[in-house]
2 protein chains.
Amino acid sequence: MDVRTLCLAALSRGDATGYEIKKMFETGPLAHFQRASFGSIYPALSRLLDDGLVLAEALEQDGRPDKKVYRLTEGGRAAFRHALTGQPPEPESIRSDLLFMLMFATEMTPARVGDLIEARVAELRELADHIEAKAKNCGEAHACGEATPSGFFSEPGPKFVAGYGVAIYRAAADYMERHRTALVREIEAARAALPNMAAE
Amino acid sequence: MDVRTLCLAALSRGDATGYEIKKMFETGPLAHFQRASFGSIYPALSRLLDDGLVLAEALEQDGRPDKKVYRLTEGGRAAFRHALTGQPPEPESIRSDLLFMLMFATEMTPARVGDLIEARVAELRELADHIEAKAKNCGEAHACGEATPSGFFSEPGPKFVAGYGVAIYRAAADYMERHRTALVREIEAARAALPNMAAE
DNA sequence: TAATGCATGTAATCGGTTACATGATTCA
DNA sequence: TGAATCATGTAACCGATTACATGCATTA
């Protein structure tokens, strides 16, 4: 998904500035599954403007630099719908540096492997808890953080997606926790067999 | 992980040509969690050659074009160890076009959403089965497919990683299957409430 | 005969990251 | 005083994808 489509998606939920779109992908409602940086958002918005998919309204502000509030045009909304309706996303498989590294676990010390996994488990649990908390707080229609609009997670899509995130992160943490010590022990055994004790 | 490191990783398991490295990432032992294309592998290998991290031996072949078999140097092995030992990979969160799209499920027809999820479930199950079969066949030391060396999945690292892949893909498929009909029904209800029945 | 596999490489292009530039305000 | 937040944008750079170019052998 290119950043242009991501911007259309963000704006489909309401008008916003480039800065606010960035926040949506950082800590706001769109915080998971995709990301976007300033360096890609701003050029994307100007291109969308050129193409007539968004309108921009300049707002003067006291002290702070002026805002440009972007709004979807009908064409922009259609373009976003088209992106959702077009050919389905091709199969996605897990990409992970850590998992790839762990294929070469025997090239690392057992302690290193254990630490890497432990750290990842903590990260995964934190992510899961974070999503769960946000979905719970913002599932009902009372005010929660500024970034995520009230009731957002009571909508079917976001609710489904949040549940998915929690489930997968928990599953990943559980697997790693359950198999961590066995892996470390096996590496120890392999190292004891071949005297590979080189540098590091 | 840049393709240079990926090539070092592949070569750490034995000498290979660029073509063979590609295959390892496609259907071979390194088939999951990372990928690499010809357009990145060949330039990466020449850079590694320039930097003295690999050696190349040209092999003439009858009919077919000549092969260049690459081999890690001591420096190359050290560089790979360094990549594994250096700073741990930063936290990774799930990236997924489909999941992002599903945040906007109400912008799609219920049928579309149902189909997307059904298709993804099938893909996930296939991936899981595929990994499981490969790990099972190549876990013992008798010959299996050419691409994956015998006994590969009896090594601790690959075994752990294969188990992870199976567990996560199954968990993802299970979640989607369990929540699919509820999501579709909720979208139907939402659509019935607001008369949003536009194009498509 | 057409597609696929073997085998290597280049070049155009693209999209995105990173860092930089600017600048006021507020909070610790 | 220094960091963080608000706010927009540009430019250099980088890495990777895609398509192209070549060419024989095998298989359907």
Side-chain angles (χ1 to χ4, degrees), chain A residues 1-8 10-11 15-28 33-51 54 56-70 83 89-90 92-93 95 97 100 145-147, chain B residues 1-8 10-11 15-28 33-51 54 56-70 83 89-90 92-93 95 97 100 145-147:
Chain A
M1 283 223 150
D2 57 27
V3 178
R4 292 187 72 200
T5 309
L6 260 31
C7 288
L8 292 178
L11 293 174
D15 303 348
T17 67
Y19 191 86
E20 287 165 345
I21 291 175
K22 175 79 196 305
K23 274 201 309 182
M24 287 189 217
F25 284 99
E26 249 172 13
T27 57
F33 307 111
Q34 296 290 333
R35 67 169 46 192
S37 66
F38 284 131
S40 54
I41 288 174
Y42 286 120
L45 286 172
S46 9
R47 272 196 58 199
L48 290 172
L49 193 60
D50 292 343
D51 296 352
V54 301
E57 186 193 1
L59 286 194
E60 289 168 36
Q61 290 195 130
D62 44 322
R64 312 200 170 291
D66 290 357
K67 278 183 177 187
K68 269 193 201 169
V69 179
Y70 290 91
E90 50 189 63
E92 293 160 340
S93 58
R95 303 282 144 209
D97 284 0
F100 186 80
E146 324 71 36
Chain B
M1 279 221 152
D2 58 27
V3 179
R4 293 189 70 199
T5 309
L6 260 30
C7 288
L8 292 178
L11 293 174
D15 303 349
T17 67
Y19 190 85
E20 287 166 344
I21 290 174
K22 175 79 196 303
K23 275 201 310 183
M24 287 188 217
F25 283 100
E26 249 172 13
T27 56
F33 307 111
Q34 295 290 333
R35 67 169 45 192
S37 66
F38 284 131
S40 55
I41 289 174
Y42 285 119
L45 286 172
S46 8
R47 271 196 58 198
L48 290 171
L49 193 60
D50 292 344
D51 296 352
V54 301
E57 187 191 2
L59 286 194
E60 288 168 36
Q61 288 195 131
D62 44 322
R64 315 197 168 292
D66 291 357
K67 279 183 176 185
K68 269 192 201 170
V69 179
Y70 290 90
E90 50 189 64
E92 292 159 342
S93 55
R95 302 282 145 212
D97 284 0
F100 186 80
E146 324 72 35

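Heavy-atom basis, side chains included; hydrogens, waters and symmetry copies ignored. In what follows, chains are A, B, ... by sequence order, proteins preceding strands, each numbered from 1. Owing to the predicted nature of the structure, the values given are computational and were not obtained by experimental measurement.
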With A/Asp15 via side-chain contact (heavy atoms from CB on, under 4.5 Å) - residues at least two apart: A/Val69, A/Arg71
From CD of B/Glu20 across to P of C/dG9 the rounded distance in Å is 13 Å
Between P of D/dC6 and CE of A/Met24, the distance in whole Å: 13 Å
Atom CG of A/Leu6 and atom P of C/dG16 are separated, to the nearest Å, by 8 Å
Contacts of type salt bridge (Lys or Arg N to Asp or Glu O under 4.0 Å), residue A/Glu92, not counting sequence neighbours: B/Arg120
Round to the nearest Å and state the distance from A/Lys23 atom NZ to D/dT8 atom C1'. 15 Å
Report the distance from atom OG1 of B/Thr17 to atom NZ of B/Lys68, rounding to the nearest 0.5 Å. 11.5 Å
Ignoring backbone atoms, test whether B/Ser46 places a side-chain nitrogen or oxygen under 4.0 Å from the OP1 or OP2 oxygen of C/dG9. no
Once you round it to whole Å, what is the distance between C1' of C/dT8 and CD1 of B/Ile21? 13 Å
Report yes if at least one side-chain N or O of B/Tyr19 is closer than 4.0 Å to OP1 or OP2 of C/dC6; otherwise report no. yes
Can you list everything that forms a side-chain contact (heavy atoms from CB on, under 4.5 Å) with B/Ser93? Sequence neighbours excluded, please. A/Leu127, A/Tyr169, B/Arg95
In whole angstroms, the gap separating P of D/dA19 from OH of B/Tyr42 amounts to 18 Å
When rounded to the nearest 0.5 angstrom, what is the spacing between CE in A/Met1 and CG in B/Asp97? 5.0 Å
Consecutive-pair stems (3 or more, Watson-Crick or G-U, under 3.5 Å) for DNA chain D: C:1-28 with D:1-28
Which residues pass the salt bridge (Lys or Arg N to Asp or Glu O under 4.0 Å) test with A/Asp2, sequence neighbours left out? none
Separation of C/dA19 C1' from A/Ile41 CD1 (nearest whole Å): 16 Å
Between N or O atoms, less than 3.5 Å apart, protein on one side and nucleotides 14-17 of chain D on the other: list the pairs.
from	atom 1	to	atom 2	distance (Å)
D/dA16	OP1	B/Val3	N	3.2
D/dT17	OP2	B/Ser37	OG	2.7

Test of understanding: with side-chain contact (heavy atoms from CB on, under 4.5 Å), list the residues that count as partners of B/Ala16, not counting sequence neighbours. B/Leu11, B/Glu20, B/Ile21, B/Met24
Partners of A/Phe38 by ring pair (Phe, Tyr, Trp, His ring centres under 6.0 Å), sequence neighbours excluded? A/Tyr19, A/Tyr42
Please report, rounded to the nearest Å, how far the C1' atom of D/dT8 is from the NZ atom of A/Lys22. 13 Å
Just to confirm, is there a sub-4.0 Å distance from OP1 or OP2 of C/dG9 to any side-chain nitrogen or oxygen of B/Lys68? yes
So, using side-chain hydrogen bond (donor to acceptor under 3.5 Å, both in side chains) as the criterion, who are the partners of A/Asp51 when residues are at least two apart? A/Arg4
